[in-house]
Amino acid sequence: MAEALGLTPSGVSKALNNHPRISDKTKDDVRKMAKKLNYQPNRLATALRKGKSNLVGVIIPRNNSNFFSSVVENIEGVLNEKGYNVIISQSNESHKKECDCIDALLSAQVDGIIASMANETTNLKYYEKIKEKGTPLVLFDRGENDLNVDYICIDDYNSSHKVVEHLVNQGCKRIAHIAGSKHIRIYKEREIGYRDALKKHNLPIEDELIVESSLRLEDGRRIMQQLLELKDRPDAVYASGDYAALGALQVMQENNINVPEDIALIGFSNEPFTSFVSPAISTVNQHSEAMGKLAAETFLKRIDAPNKKVTLNKITLNTELIIRMSSNKTNC
């Protein structure tokens, strides 16, 4: 293209980048030729030359969750306004896939990575790799304090307290918990909050009522069937994820269990389907919009202060318990 226009390669590059010393006519000629030749700039070469790609990598565990898609939408909204493009990767809850995503994003010379960890992740080596490279890292929802980076999360412990308090106020005394993987901080905190709230109300903590899982719909179905086979069934079920709560609801309805009269039910995340099913499922709103915006804004602040020492900067959001028919016995 440079030869056809009688320009040097650096002249073409300056024209494409709107350099003030290049005439408007030359810029126009270069753009027309670029369009004719379907020219695409080499982003990687540009990033290496400038030390900045204007790309930000976002890693999520899965994209079939309204919570994660809402967080990503709000991250993208904030970053696009500041001239950044977002590369979205999903780990599918696999640690290996998560490591592959990190490698690919670092190879693409992204200016930063915003991530929520996969269910399988117990080894933080690859996240340490991001830090060692000097690439800004912001965690949201699922993260670890030990990484000492910017981390946007919710108050999982007190969220569980709210859930148990509500169920106790509805007269429930035998509350089961469909828990998430205990090696993940957020699910560990939710279980501790559940246990401590039971202690507060002098209610029994029984191992048979606490079942760890990946919180998929099929996990909720399997665990609910297991709970119904107990000699002393629970009178309430608190699931750490809405998909598991939906699976539990399906099994209860298939077994002619009245919800909430016989067994009350509460989920977590406020997925859209929770308000559409019958009975509508009570749940915890994690404020995904605010989390996404804060994650993006925190990244931008880190970029603006590259020499600032990186330490744990934990921003904790409060949650909201949304009470619907699945746990509201007073309206039965």
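Both backbone and side-chain heavy atoms feed into the values below; hydrogens, waters and symmetry mates do not. Index from 1, following the sequence.
No donor-acceptor distance shorter than 3.5 angstrom exists from the side chain of Ser116 to the backbone of Ile60, with no hydrogens or angles considered. Between the side chain of Lys131 and the main chain of Leu147, a donor-acceptor pair closer than 3.5 Å is present. Although no hydrogens or angles enter the test, the distance criterion places no donor-acceptor pair under 3.5 Å between the side chain of Glu120 and the main chain of Ser94. The closest donor-acceptor contact from the side chain of Asp235 to the backbone of Ile263 lies at 3.5 Å or more, if one exists at all. No donor-acceptor distance shorter than 3.5 angstrom exists from the side chain of Thr135 to the backbone of Gly112, with no hydrogens or angles considered. Without hydrogens or angle criteria, Arg324 side chain to Ser282 main chain gives no donor-acceptor distance under 3.5 Å. Counting only distance, with no hydrogens or angles, the side chain of Thr121 and the backbone of Met117 share no donor-acceptor pair below 3.5 Å. Under a 3.5 Å cut-off, the side chain of Thr274 and the backbone N or O of Asn270 do not form any donor-acceptor pair. Gln90 places a side-chain N or O within donor-acceptor distance of the main-chain N or O of Asn63, the cut-off being under 3.5 Å. At distances below 3.5 Å, not a single donor-acceptor pair connects side-chain atoms of Arg221 with backbone N or O atoms of Gly247.
At a threshold of 4.5 Å between non-hydrogen side-chain atoms, the residues Ser275 and Thr283 do not count as touching. Side-chain contact between Asn255 and Leu228: present, with at least one pair of heavy atoms (C-beta onward) separated by less than 4.5 Å. Within the 4.5 Å cutoff, the side chain of Val58 has no heavy atoms near those of the Ile87 side chain. Residues Ile113 and Val56 fail the side-chain proximity criterion, which asks for heavy atoms closer than 4.5 Å. No side-chain heavy atom of Leu312 sits less than 4.5 Å from a side-chain heavy atom of Val149. Using a 4.5 Å heavy-atom threshold, the side chains of Tyr84 and Val78 count as separate. Here the side chains of Arg222 and Val251 are not in contact, with every heavy-atom distance at 4.5 Å or above. Residues Ile88 and Val72 have side chains in contact (heavy-atom distance under 4.5 Å, counting atoms from C-beta outward).
Hydrophobic clustering (side-chain heavy atoms under 4.5 Å, transitive across Ile, Leu, Val, Met, Phe, Trp, Tyr) keeps Ile184 apart from Ile192. Under a hydrophobic-cluster definition in which Ile, Leu, Val, Met, Phe, Trp and Tyr are linked whenever side-chain heavy atoms come within less than 4.5 Å, directly or via other members, Leu203 and Tyr157 are assigned to different clusters. Both Ile205 and Val168 belong to a single network of hydrophobic side chains, linked directly or stepwise wherever heavy atoms of I, L, V, M, F, W or Y lie under 4.5 Å apart. At a threshold of 4.5 Å between side-chain heavy atoms, the hydrophobic network of Ile, Leu, Val, Met, Phe, Trp and Tyr places Leu137 and Val310 in one connected group. When the side chains of ILVMFWY residues are joined at heavy-atom separations under 4.5 Å, either directly or via intervening members, Ile322 and Val163 end up in two distinct hydrophobic clusters.
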Kindly indicate, with the supporting measurements, whether the criterion side-chain contact (heavy atoms from CB on, under 4.5 Å) is fulfilled by Ile102 and Tyr127. CA-CA 8 Å; Ile102 290 171; Tyr127 283 100; 4.2 Å; yes
Under the side-chain contact (heavy atoms from CB on, under 4.5 Å) criterion, do Thr316 and Ile154 qualify, and how do the steps go? CA-CA 5 Å; Thr316 306; Ile154 62 166; 5.7 Å; no
Go through Arg62 and Glu93 one step at a time and tell me if the salt bridge (charged side-chain N to carboxylate O under 4.0 Å, His left out) criterion holds. CA-CA 7 Å; Arg62 58 185 188 277; Glu93 303 289 10; 2.8 Å; yes
Derivation and outcome, side-chain contact (heavy atoms from CB on, under 4.5 Å), residues Ile186 and Cys153: CA-CA 9 Å; Ile186 64 171; Cys153 60; 5.7 Å; no
Please determine whether side-chain contact (heavy atoms from CB on, under 4.5 Å) holds for the pair Leu105 and Ile59, giving the CA-CA distance in whole Å, both sets of side-chain angles, and the decisive distance to 0.1 Å. CA-CA 9 Å; Leu105 292 172; Ile59 305 173; 3.7 Å; yes
Start with the C-alpha gap between Lys293 and Glu76, add the side-chain angles, then the distance that decides, and say whether salt bridge (charged side-chain N to carboxylate O under 4.0 Å, His left out) holds. CA-CA 9 Å; Lys293 288 175 182 175; Glu76 199 165 22; over 6 Å; no
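For Ser269 and Gln286, the side-chain atoms include at least one donor-acceptor pair closer than 3.5 Å. Side-chain contact annotation: His166 with Ser327, donor-acceptor N/O pair under 3.5 Å present. A donor atom on one side chain and an acceptor atom on the other are found under 3.5 Å apart for Asn313 and Asp150. A donor-acceptor contact closer than 3.5 angstrom is absent between the side chains of Asn148 and Thr311. Residues Arg185 and Tyr151 have side chains that bring a donor and an acceptor to within less than 3.5 angstrom of each other. Between the side chains of Tyr194 and Glu189, no donor-acceptor pair is found at a separation under 3.5 Å.
Salt-bridge formation is detected for the pair Arg174/Glu208: a Lys NZ or Arg NE/NH1/NH2 atom is positioned less than 4.0 Å from an Asp or Glu carboxylate oxygen. For the pair Lys301 and Asp304, the salt-bridge criterion is not met [side-chain N within less than 4.0 Å of a carboxylate O]. A salt bridge links Lys96 with Asp100: the closest approach of a Lys/Arg side-chain nitrogen to an acidic carboxylate oxygen falls below 4.0 angstrom. Salt bridge status for Glu320 with Lys162: absent, with no side-chain N to carboxylate O gap under 4.0 Å.
A 6.0 Å sphere centred on NZ of Lys188 holds no more than 12 heavy atoms belonging to other residues, nucleotides or ligands. Other residues, nucleotides and ligands place more than 12 heavy atoms under 6.0 Å from the CD atom of Glu218. By the neighbour-count criterion of 12 heavy atoms within 6.0 Å, atom NZ of Lys314 is densely surrounded, having more than that number from other residues, nucleotides or ligands.
Distance check: Ile175 CD1 to Ile210 CD1 gives 11.0 Å after rounding to the nearest 0.5 Å. In this structure, the separation between CG on Leu246 and CD on Glu271 is 10.0 Å, given to the nearest 0.5 Å. Between atom CG of residue Asn123 and atom CD of residue Glu98 there is a gap of 10.5 Å, rounded to the nearest 0.5 Å. From Arg216, atom CZ reaches atom CG of Asn64 across 11.5 Å, with rounding to the nearest 0.5 Å. Interatomic distance, CG of Leu198 versus CD of Glu206, reported as 9.5 Å (0.5 Å rounding). The distance from atom OG of Ser70 to atom NE2 of His287, rounded to the nearest 0.5 Å, is 11.5 Å.
Note: Phe67 and Phe140 have tilted aromatic rings, judged against thresholds of 30 and 60 degrees for the angle between ring planes.
In terms of heavy-atom proximity, Ser213 sits nearest to Ile223 at CB-CD1, 3.6 Å. Across all non-hydrogen atoms, the minimal contact from Asn66 to Pro272 is CB-CD, 3.3 Å. Of all non-hydrogen atoms in Arg190 and Asp156, the two that sit nearest each other are NE-OD1, 2.7 Å. Minimum interatomic distance between Ala118 and Arg142 (heavy atoms only, all atoms of both residues): C-NH1, 3.8 Å. For the pair Ala244 and Ile178, the tightest heavy-atom approach, listed with the atom from each and the gap, is CB-CG2, 4.1 Å. Taking all atoms of both residues into account, the shortest heavy-atom contact from Pro234 to Leu209 is CB-CD2, 4.2 Å.
Of the candidates Tyr238, Tyr187, Phe268, His177 forms a ring pair (Phe, Tyr, Trp, His ring centres under 6.0 Å) with just one, namely Tyr238.
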